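Owing to the predicted nature of the structure, the values given are computational and were not obtained by experimental measurement. So you know, we letter chains A, B, ... as the sequences are listed, proteins then strands, and number each from 1. What's counted below: heavy atoms across the whole structure, side chains too, no hydrogens, waters or symmetry copies.
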Amino acid sequence: MLSIAQKLTEVTEQAFSALGLPPEYARVTVSAQAETAQFQCNGAMPCAKAAKKNPRQIAEEVIEKLRAIDGGKVFAALSVGGPGFINMTVTEDFLTAHLAALAKDTRMGCPVLSPDGEFIVLDYGGPNVAKAMHVGHLRSSIIGDSLRRLLGAAGYVVIGDVHLGDWGTPMGMLIADYLDKQEDSVIFTNYDPSRPDEVERLMNDMVERYPKAAARFKEDEAFRAKAHFHTKQLQDKEQPAFGMWQIIREVSKIAMEKNFLALGVRFDLWKGESDAHDFIAPMVEDLKRKGIAQESDGALVVPVAREDDKKEVPPLILLKSDGAVLYGTTDLGTLVDRMQENKPAKIIYVVDQRQGLHFEQVFRAARKGGIVPDSVELIHAGFGTMNGPDGKPFKTRAGGVMKLEDLIAMGVEKARERLKEAKLAEDMPPAEKEDVAHKVAIAAIKFADLQNNRVADYVFDLDRLTMFEGKTGPYLLYQAVRINSLLKKAAEQGALPAETFILQEPERRLALLLCEMPDHIALAARNYAPHILCDYAYKVAQEFSSFYGNCHILSETNEGLRGSRLALCALTHRHLQVILSLLGIQIPERM
RNA sequence: GAUCCCGUAGCUCAACGGAUAGAGCAACUGCCUUCUAAGCAGUAGGUUGCAGGUUCAAGUCCUGCCGGGAUCGCCA
């Protein structure tokens with residue numbers, strides 16, 4: 001379904017073409033000043049020079065043309081403002097008809113950006129096996145999951161891949177440490193995946209052991225040799241390393257799933273670096289044969305520098321001088337896999353901005369090596385560094401990293417307190433109350449994170465993350481739940497939403513805002529920018545709240561008006577539901 | 001040193017090159033005897049880091065400077 005602005009753009013394009021003006025200037029947008037008009041087109045001004053005319057005169061001509069084409073059906077008012085803005089206001093009939101169509105639209109106002117359903121591989125989350133998930137995984141997971149939903153709603157077929165860090169030397173280190181300490185191997189021989197306590201015990205043990213093993217690896221040469229030995233053993237899929245790794249991976253996955261479930265973040269694929277392994281050797285051979293991979297200082301590299309580079313782009317190292325692979329190699333191997341398996345139109349990485357150069361190298365090498373053709377877009381949708389309130393990289397008070405589950409638990413605890421204070425959810429059964437607290441907490445955390453511009457650095461502020469007033473997730477839930485409760489109450493009284501809209505001044509602003517949804521979804525999808533959705537959701541909630549505060553609905557005696565207002569409530573609720581679902585935020589039935 | 005990102009209200013952030021730069025928090029004033037006050041209505045708060053330039057129009061594009069962060073071959 002098109003937005004009103006899009007519909008008006010189409011008409012205005014006709015007018016521009018008829019006047020011999022370039023139609024790409026005909027774009028209509030929501031007016032910057034609501035007092036003046038509902039919509040505006042700025043196209044007359046850039047046309048002025050080429051047409052050698054006064055922009056206001058061009059605007060007048062466009063308006064005349066629009067009137068002739070339209071015949072009074074769409075435009076209620078057209079005028080020239082300032083240096084040559086074309087101000088537009090639509091007729092009441094047009095607006096109410098658009099609303100009625102919107103209410104029946106099965107796509108809920110989502111635009112179609114990929115009519116053929118092109119495939120997108122979306123790489124996000126990326127937690128490491130044998131480590132606890134921490135706040136550092138929050139952004140990638142939340143943004144990635146939102147993009148999965150958003151691009152999916154816009155018509156793409158999205159394949160979300162968690163891309164685990166589950167391969168290489170870190171695994172060898174851990175395995176070597178276990179084998180070194182005989183008493184611990186018992187954990188593996190007795191491992192029973194059906195026993196949650198066993199699984200948890202092993203996970204906790206790995207989390208504790210990992211940093212110690214890493215420290216040993218640094219200091220102890222003999223241990224380093226063992227770690228390398230078992231890394232090789234793992235890569236050759238030999239025992240015992242391979243079997244132990246399978247358990248390590250499985251246990252870690254269970255722990256991760258718990259975290260992702262709590263966050264409401266989902267994936268279509270649980271692949272990892274290990275899945276790239278089988279593609280690497282043939283790929284390296286192929287790159288050597290093509291002469292793209294070259295020897296340099298004992299390593300095998302793919303030079304990716306270009307003459308017009310402003311900066312120095314170092315070559316991508318395929319094989320270290322000791323023959324081991326690096327993560328650039330793994331990423332290339334993963335690309336081989338994805339190209340064969342998923343045939344995507346785009347591959348998007350939701351990874352920290354600091355890895356920008358790395359992806360630049362990988363993308364260039366992939367093009368150069370013929371792994372990914374130019375027709376497939378490679379995108380690093382990076383996000384800013386997560387800092388503490390002091391502007392420095394985030395640390396807990398104790399100086400460590402905060403576990404993701406601790407963060408969520410804190411949010412839920414705070415949500416419980418606030419529900420109690422606000423006397424919400426009072427008469428609910430305990431299970432439902434707990435569910436509401438969880439939804440409120442997740443809404444708070446996700447919205448606080450997603451509302452930031454993706455590329456900017458990010459101040460990780462616990463107080464802000466668990467805020468419930470103002471521009472927050474819980475505010476949006478609160479508004480949505482209020483609407484739901486109102487609609488239920490109305491239905492009990494036999495008052496139902498009408499199919500035709502009657503708009504008075506208080507609700508027209510809300511109605512116009514609802515019609516904007518396709519524009520915001522398209523903009524967010526094209527820029528991989530969930531914060532645009534956050535902004536829009538907040539505006540809708542705020543506008544509804546204003547309407548709600550100014551118009552009493554159930555006591556309205558004019559039945560048509562009451563029905564129209566209820567329909568507007570229903571439409572608003574559905575809009576909030578759609579946008580919030582694109583953000584990965586669930587609305588409770590009541591609270 | 002080179003390159004990239006960022007610099008907007010006291011704080012946290014918005015603003016497809018377009019009209020009078022907007023929100024939230026914090027501060028202040030009102031509003032619960034009608035649908036959920038996690039709310040609503042309002043007040044106050046700005047030389048968009050600085051200086052030039054391009055443009056009918058610059059927070060936005062270009063150049064230079066200042067400040068902060070990040071990255072720059074065998075870690076991921």
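Taking atom C1' in both rU3(B) and rA23(B), one finds a spacing of 34 Å when rounded to whole Å. Annotation: rC40(B) and rC25(B) have their P atoms spaced 9 Å apart (nearest Å). Annotation: rG52(B) and rA41(B) have their P atoms spaced 42 Å apart (nearest Å). For the P atom pair drawn from rC13(B) and rU8(B), the interatomic distance equals 9 Å after rounding to whole Å. Distance check on atom C1': rU48(B) versus rC31(B) gives 35 Å, rounded to whole Å. Nucleotides rA76(B) and rU71(B), compared at atom C1', are 15 Å apart to the nearest Å. Here the separation of rA51(B) from rG59(B), taken at their P atoms, is 13 Å to the nearest Å. As rounded to the nearest Å, rA58(B) and rA15(B) have C1' atoms that lie 13 Å from one another.
Taking both residues in full, the closest heavy atoms of Met206(A) and Ile248(A) are given as SD-CG2, 3.6 Å, listed atom of the first, atom of the second, then distance.
rC32(B): glycosidic angle within 90° of 0, hence syn.
When both distances must be under 3.5 Å, the Watson-Crick or G-U wobble mate of rG24(B) is rC11(B). Summarising the base pairing, rU60(B) is matched to no nucleotide, lacking a Watson-Crick or G-U wobble pair whose two defining distances lie under 3.5 Å. In this structure rC65(B) sits in a base pair with rG49(B), meeting the Watson-Crick or G-U test at under 3.5 Å. With a cut-off of 3.5 Å on both Watson-Crick or G-U wobble distances, the partner of rA70(B) is given as rU3(B). In this entry rU34(B) has no Watson-Crick or G-U wobble partner, no candidate having both defining distances under 3.5 Å.
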Please list each protein N or O that sits under 3.5 Å from an N or O in nucleotides 39-45 of chain B, with the distance.
| from | atom 1 | to | atom 2 | distance (Å) |
| --- | --- | --- | --- | --- |
| rG39(B) | OP1 | Gly470(A) | N | 3.1 |
| rG39(B) | O3' | Ser545(A) | OG | 3.1 |
| rG39(B) | O2' | Arg482(A) | NH2 | 3.2 |
| rG39(B) | O2' | Ser545(A) | OG | 3.2 |
| rC40(B) | OP1 | Tyr475(A) | OH | 2.9 |
| rA41(B) | OP1 | Ser546(A) | OG | 3.0 |

Which atoms of nucleotides 8-15 of chain B (N or O only) lie under 3.5 Å from a protein N or O atom, and what are those distances?
| from | atom 1 | to | atom 2 | distance (Å) |
| --- | --- | --- | --- | --- |
| rU12(B) | O2' | Arg464(A) | NE | 3.0 |
| rU12(B) | O2' | Arg464(A) | NH1 | 2.8 |
| rU12(B) | O2' | Arg464(A) | NH2 | 3.0 |
| rC13(B) | OP1 | Val459(A) | N | 3.4 |
| rA14(B) | OP1 | Asn453(A) | N | 2.7 |
| rA14(B) | O2' | Asp535(A) | OD2 | 3.3 |
| rA15(B) | OP1 | His531(A) | NE2 | 3.1 |

Sub-3.5 Å pairs of nitrogen or oxygen atoms, protein against nucleotides 30-34 of chain B:
| from | atom 1 | to | atom 2 | distance (Å) |
| --- | --- | --- | --- | --- |
| rU34(B) | O2' | His552(A) | NE2 | 3.3 |
| rU34(B) | O2 | His552(A) | NE2 | 3.4 |

Atom pairs, N/O to N/O, protein against nucleotides 57-65 of chain B, distance under 3.5 Å?
none

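Per the geometry, NZ belonging to Lys488(A) stands 11 Å off P belonging to rU36(B), to the nearest Å. For Lys423(A) and rA37(B), the NZ to P distance is 14 Å, given to the nearest whole Å. Distance Gln40(A) CD to rA19(B) P: 7 Å, rounded to the nearest Å. Look at CE on Met386(A): it is 18 Å from C1' on rC5(B), rounded to the nearest Å. Counting to the nearest Å, the P atom of rA19(B) and the CZ atom of Arg56(A) are 16 Å from each other. Regarding Asn87(A), its CG atom lies at a distance of 12 Å from the C1' atom of rG18(B), rounded to whole Å.
Using bins of under 30°, 30° to 60° and over 60° for the plane-to-plane angle, the ring pair Phe460(A)/Tyr458(A) lands in the perpendicular bin. In this pair, His380(A) and Phe359(A) present their aromatic rings tilted. The plane angle is within the 30 to 60° band.
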Do Glu417(A) and Lys414(A) pass the salt bridge (Lys or Arg N to Asp or Glu O under 4.0 Å) test, and can you show the C-alpha distance, the side-chain angles, and the key distance before you say yes or no?
CA-CA 5 Å; Glu417(A) 284 170 24; Lys414(A) 211 141 186 178; over 6 Å; no
Evaluate His137(A) against Tyr124(A) for ring pair (Phe, Tyr, Trp, His ring centres under 6.0 Å), listing each step before the verdict.
CA-CA 9 Å; His137(A) 298 110; Tyr124(A) 58 101; over 10 Å; no
Phe447(A)/Tyr475(A) under ring pair (Phe, Tyr, Trp, His ring centres under 6.0 Å): CA gap, chis, key distance, verdict
CA-CA 10 Å; Phe447(A) 194 84; Tyr475(A) 169 84; 9.1 Å; no
For the pair Phe363(A) and Tyr349(A), evaluate ring pair (Phe, Tyr, Trp, His ring centres under 6.0 Å) and give the outcome as yes or no after the intermediate values.
CA-CA 11 Å; Phe363(A) 294 171; Tyr349(A) 295 86; 5.7 Å; yes
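Every residue two or more places apart in sequence or in another chain was checked for a side-chain hydrogen bond (donor to acceptor under 3.5 Å, both in side chains) with Gln586(A), and none qualifies.
For the pair Leu512(A) and Val30(A), the minimum side-chain heavy-atom distance is 4.5 Å or more. In this structure the side chain of Lys439(A) never reaches within 4.5 angstrom of the side chain of Ile587(A), judged on heavy atoms. Looking at Asp166(A) and Asn128(A), their side chains never come closer than 4.5 Å, going by heavy atoms from C-beta outward. A 4.5 Å side-chain heavy-atom check between Leu316(A) and Leu332(A) finds at least one atom pair inside the cut-off. At least one side-chain heavy atom of Leu2(A) sits under 4.5 Å from a side-chain heavy atom of Glu10(A).
Here Thr29(A) lies in heavy-atom contact (under 4.0 Å) with a base. The residue Asn54(A) sits apart from the nucleic acid: no heavy atom pair falls under 4.0 Å. Base engagement by Cys551(A) is indicated by at least one non-hydrogen atom pair under 4.0 Å involving a base atom. As judged by a 4.0 angstrom heavy-atom cut-off over every strand, Lys539(A) is placed among residues making no nucleic acid contact. As judged by a 4.0 angstrom heavy-atom cut-off over every strand, Val313(A) is placed among residues making no nucleic acid contact.
The backbone N or O of Gly382(A) lies less than 3.5 Å from a partner atom in the side chain of Arg454(A), making a donor-acceptor pair. Side-chain atoms of Asn550(A) come within 3.5 Å of backbone N or O of Ser546(A) as a donor-acceptor pair. A donor-acceptor pair under 3.5 Å links the side-chain atoms of Lys368(A) to the main chain of Pro303(A), judged by distance alone. Within the 3.5 Å criterion, the main-chain N or O of Ala490(A) finds no donor-acceptor partner in the side chain of Gln493(A).
Ranked by how close their nearest RNA chain B nucleotide is to the 5' end, Lys489(A) and Asn387(A) are led by Lys489(A).
One finds no salt bridge joining Lys212(A) and Asp177(A) here, because no Lys/Arg side-chain nitrogen approaches an Asp/Glu carboxylate oxygen to under 4.0 Å. A salt bridge between Arg306(A) and Asp308(A) is absent, with no side-chain N of the basic residue lying under 4.0 Å from a carboxylate O of the acidic one.
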Nucleic acid footprint by protein, nucleotides 70-76 of chain B - heavy-atom cut-off 4.0 Å, B for base, S for sugar-phosphate alone
SSSBBSB
